Amino acid sequence: MNVSSESRSPAVQTLRWTGDRLELIDQRALPSRFQYLNCSNAAEVAKAVRDMVVRGAPAIGCAAAFGIALEALNCAALPRSEFDSRLAEAFEVLAGSRPTAVNLFWALSRMKRMSAAVAARSTAEAAQALVGEAQRIYGEDIEINRAIGHAGAALVPDGACIMTHCNAGALATAGHGTALGVIRSARDEGKQVTVIANETRPFLQGARLTAWELVQERIPVTLITDSMAGHMMQRGMVDLVIVGADRIAANGDVANKIGTYPVAVLAARHRIPFYVAAPLSTIDLAVPEGSAIPIEERGADEVTGYGGIRWAPVGVEVANPAFDVTPAELVTAIITERGVTPAPDSAKMRALFES
Ligand code: MRU
């Protein structure tokens, strides 16, 4: 696939680069309010990632890249040694923002390689090179998602009802989306598709974000609570499942939003295809299997209530793992910018990087 950095502007601009700041759709406020939050340095970007202003694996990778670019621009007039130490701090603060989605670390590695490549140049030139690299990561992500969408659309029969979990849409990427990208592409190719969006407890990315994106685009969507997924499958109302991923291990195990694993188990029980759509930057060959993927534990307040309303008693113990791991054996195929990989395993995952 040829990836160009010149991309059509996405319909939903999750991230906007203005030249001296990064504007992010504040996803905490959706769907009630549509507003952007501005970031002017790496620490502000890291906070926005941690606080879920921007979320979704590819989107947080793009945000982190722009965080480094911002810091470099802010330090462009400093002597080289100060520039380097400020940049090293920026890499650290951004790497500490969220642990599971590997795209964050992938994007930071790319920025580090660019920083090393321009180490002999002036700090002003280095800053411009880092801005350029962040813009390339962003532009490439949109193109990659369109390629994923195109490859995945071939798996979607006309008239299909597709279940998805969490939000792997334009809001979770630079644009188009991965799982929702496949759905968008199928629709763009003239297929009639309908979507069942699982609400995705506890942070409600399905109810708030996926439902919002699909309503905006007039793609028919039915919202259900997570506990309704089995019933819908048992009644023959789901033709296939497509989800995104935060990290795919070397053996094809998939970490994605909490609640994905039970959906995959249900899909297997009902012989419904379970597809994972993700860019190669989500595959982490350094992690041998899913059990080694770090799972983020988020705050108890996300489980004890929502939006300022508390429903659980004070004093109750709470667990809040933000992701779970679906074993490769439950994955019908992984869809990447390289095409469709059925029945993923270690050899097939490695081969994706060799072709
Ligand atoms: O906690 P979040 O909202 O960042 O989790 C997002 C997901 O789990 C998505 O499914 C995944 O990042 C893929 S986004 C294309």
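Just so you know, ligand 1 is whichever comes first in the structure, and atom 1 is the first atom listed for that ligand. Values in this document were obtained by computation on a predicted structure and should not be read as measured data. Along the sequence shown, residues are numbered consecutively beginning with 1.
- More than 12 heavy atoms of other shown residues, nucleotides or ligands fall within 6.0 angstrom of atom CD in Glu189.
- Taking the centre of each ring, Trp17 and Tyr138 stay at or above the 6.0 Å mark.
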One pair per line, please: each N/O atom of ligand 1 matched with every protein N/O atom under 3.5 Å away, atom names first, then the distance to 0.1 Å.
{"unit_1": "ligand 1", "atom_1": "1 (O)", "unit_2": "Arg98", "atom_2": "NH1", "d": "3.4"}
{"unit_1": "ligand 1", "atom_1": "1 (O)", "unit_2": "Arg98", "atom_2": "NH2", "d": "2.8"}
{"unit_1": "ligand 1", "atom_1": "1 (O)", "unit_2": "Lys257", "atom_2": "NZ", "d": "2.8"}
{"unit_1": "ligand 1", "atom_1": "3 (O)", "unit_2": "Arg55", "atom_2": "NE", "d": "2.8"}
{"unit_1": "ligand 1", "atom_1": "3 (O)", "unit_2": "Arg55", "atom_2": "NH2", "d": "3.2"}
{"unit_1": "ligand 1", "atom_1": "3 (O)", "unit_2": "Gln205", "atom_2": "NE2", "d": "2.9"}
{"unit_1": "ligand 1", "atom_1": "4 (O)", "unit_2": "Gly56", "atom_2": "N", "d": "2.9"}
{"unit_1": "ligand 1", "atom_1": "4 (O)", "unit_2": "Arg98", "atom_2": "NH1", "d": "2.8"}
{"unit_1": "ligand 1", "atom_1": "8 (O)", "unit_2": "Asp246", "atom_2": "OD1", "d": "2.7"}
{"unit_1": "ligand 1", "atom_1": "8 (O)", "unit_2": "Asn256", "atom_2": "OD1", "d": "3.2"}
{"unit_1": "ligand 1", "atom_1": "8 (O)", "unit_2": "Lys257", "atom_2": "N", "d": "3.2"}
{"unit_1": "ligand 1", "atom_1": "10 (O)", "unit_2": "Asn256", "atom_2": "OD1", "d": "2.6"}
{"unit_1": "ligand 1", "atom_1": "12 (O)", "unit_2": "Ala57", "atom_2": "N", "d": "2.9"}
{"unit_1": "ligand 1", "atom_1": "12 (O)", "unit_2": "Asp246", "atom_2": "OD1", "d": "3.3"}
{"unit_1": "ligand 1", "atom_1": "12 (O)", "unit_2": "Asp246", "atom_2": "OD2", "d": "2.8"}

Steps toward side-chain hydrogen bond (donor to acceptor under 3.5 Å, both in side chains) verdict (Asn320, Glu302): CA-CA 8 Å; Asn320 188 12; Glu302 289 181 0; 3.0 Å; yes

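- For Asp84, the salt bridge (Lys or Arg N to Asp or Glu O under 4.0 Å) partners two or more places apart in sequence, or in a different chain, are Arg80.
- Remark: the Ser40 side chain and the Asn38 side chain contain no N/O donor-acceptor pair separated by less than 3.5 Å.
- Side-chain polar atoms of Thr210 and Asn167 form a donor-acceptor pair below 3.5 angstrom.
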